[in-house]
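Chain letters run A, B, ... following the sequence lines, proteins first and then strands; every chain starts at 1.
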Number of protein chains: 2
Amino acid sequence: MSARTAELRAIKPAGQGLRERRRQQTRAEITDAALELFAQGSVAATTVDDIASAAGVSPRTFFRYFASKEEAALPVHQEFNAALADGLPAVDPGSDLRREVNGLYGLMVRPYLDNDSPAAQRMLQVSRLIRKEPALRAAMVRQNLERTEEVQQALAARLGPERTDPLELRLAIDIASVVVRASLDTWASQLEAGGPADLAAIYRRALEFAK
Amino acid sequence: MSARTAELRAIKPAGQGLRERRRQQTRAEITDAALELFAQGSVAATTVDDIASAAGVSPRTFFRYFASKEEAALPVHQEFNAALADGLPAVDPGSDLRREVNGLYGLMVRPYLDNDSPAAQRMLQVSRLIRKEPALRAAMVRQNLERTEEVQQALAARLGPERTDPLELRLAIDIASVVVRASLDTWASQLEAGGPADLAAIYRRALEFAK
DNA sequence: TGTCAATATGGCAGTATCTGCCACAATGGC
DNA sequence: GCCATTGTGGCAGATACTGCCATATTGACA
């Protein structure tokens, strides 16, 4: 957990040495293996040993990268955290709270605005899986909770302890989070159903409705 | 999971025979044991065997009542579901969606409006534990997710499939849920800190802020 | 370039979680 | 009071996860 906190706070060094690059690569390989096995069979029917062996690592090593098999299938977590970490410094403590937090969380949808981008395609793949697998939804809300708590701490520190009402800060963050997730889900559902979908438009509509 | 769906839909029969009453009693005993052991030690340090033995049942029976030790400590789940099930028939399909859903979820805070009531005291006890234990927070958001999905289905059925935009329904529910949880958390925090706290006022303020 | 500290990996043992299955006991309707 | 239904416990087994140690790889620095 402290590792994840650091993840949010620290500015990502890009290719810091071969060591870190290999680590990210291994991480990606595990995720790919998990996604494929989950898609083929099911989360319940897939064991950690299966994933580890498919990824070419030992089960022991698997648990050094992910706390559970469910988390291995949710790489978006990292992208989200990165987006938030990038946006944190730009939050204006003087401006309207809801607006600022919505702006921050809005960064999370940016990588997927182009339906044909690789990022969007990957997100769709993961979304499909999540919709089919309650276990993955549970893992997702868990990650979401942790992220929310970290953001709350970070924003409280940035805005000043007494400058912001805890209730309002909490609500601003949770609502922003809910708006983003509902938008992404709706977008993915529409695309999966075969129809067209404009994430930007959906997100704008969600923001308006939540206001 | 289908058991829980039924739980939400069915109108609770009160004391349907000795059998059901004993079942509720056993359930309560397990919960009490779990809460006490968690408070004494920690969730991690407490095993299912500990809880089961303290409650006077076998571990095998424990798992017939709760899916995990964390869930055993969150009995509020049932109260929340009951409140929502009670309120569902009163939802007016013709009225404003956000307002109706907020009204429905508002039922969840009613039992705790009086700080001195037994229900409030129990909620405070659980809240204190939840604030200390990330594992319980994770279990809580998981329950919240399931409840949210059930409510969404129930409301979609009640409002008519084409009458309501999925995005708006989803947002209305999630926001209402977030408002209630933030209110209860704030209320519990304030009371725990020793100060006075008016749940009704907090909830009104949260609703206003979220509007 | 060679050496050393730091770090990643794998294996192993051990504990805890959770489930299916079976036998047995308690209950409640008739 | 009989019988179908339901709750309970025990057992075996699979899986998830962790601590510990040995080993190998990497990267910094002399």
Restricting to side-chain contact (heavy atoms from CB on, under 4.5 Å), what partner residues turn up for A:Ala182, sequence neighbours left out? B:Leu167, B:Arg170, B:Leu171

Angle separating the five-pair end axes of the helix from C:dT1-D:dA30 to C:dC30-D:dG1, nearest 10°, is 30°

Reading DNA chain C from 5' to 3', where do the contacts with chain B start and stop? Cut-off is 4.0 Å to heavy atoms. C:dA16 to C:dG28

Run the side chain to side chain donor-acceptor pair (under 3.5 Å) test against B:Tyr112 and tell me which residues pass, sequence neighbours left out. B:Glu79

Does the side chain of B:Arg27 reach to within under 4.5 Å of the side chain of B:Gln78, using non-hydrogen atoms? yes

Could you report the tightest heavy-atom contact between A:Ser183 and A:Val179, atom names first, then the distance? OG-O, 2.7 Å

What I want to find out is whether B:Arg142 reaches B:Glu70 closely enough, with some N-O distance under 4.0 Å, to be called a salt bridge. no

Sequence neighbours excluded, which residues qualify as side-chain contact (heavy atoms from CB on, under 4.5 Å) partners of B:Glu36? B:Gln40

A:Asn144-A:Ser177 side chain donor-acceptor pair, cut-off 3.5 Å: yes

What I'd like to find out is whether the side chain of B:Gln190 reaches to under 4.5 Å of the side chain of B:Ile202, using heavy atoms alone. yes

Any donor-acceptor pair under 3.5 Å linking the side chain of A:Arg158 with the backbone of A:Val91? yes

Would A:Arg98 and A:Glu168 pass as an ion pair if we require N to O under 4.0 Å? no

Give a yes/no on whether any side-chain N or O of B:Ser58 is located under 4.0 angstrom from OP1 or OP2 of D:dG9. yes

How does each nucleotide of nucleotides 15-25 of chain D score, in 5' to 3' order, for protein heavy atoms under 4.0 Å: base (B), sugar-phosphate only (S), or none (-)? SSBBBB----B

Looking at every strand, decide which applies to A:Phe66 at a 4.0 Å heavy-atom threshold: base, sugar-phosphate, or nothing. nothing

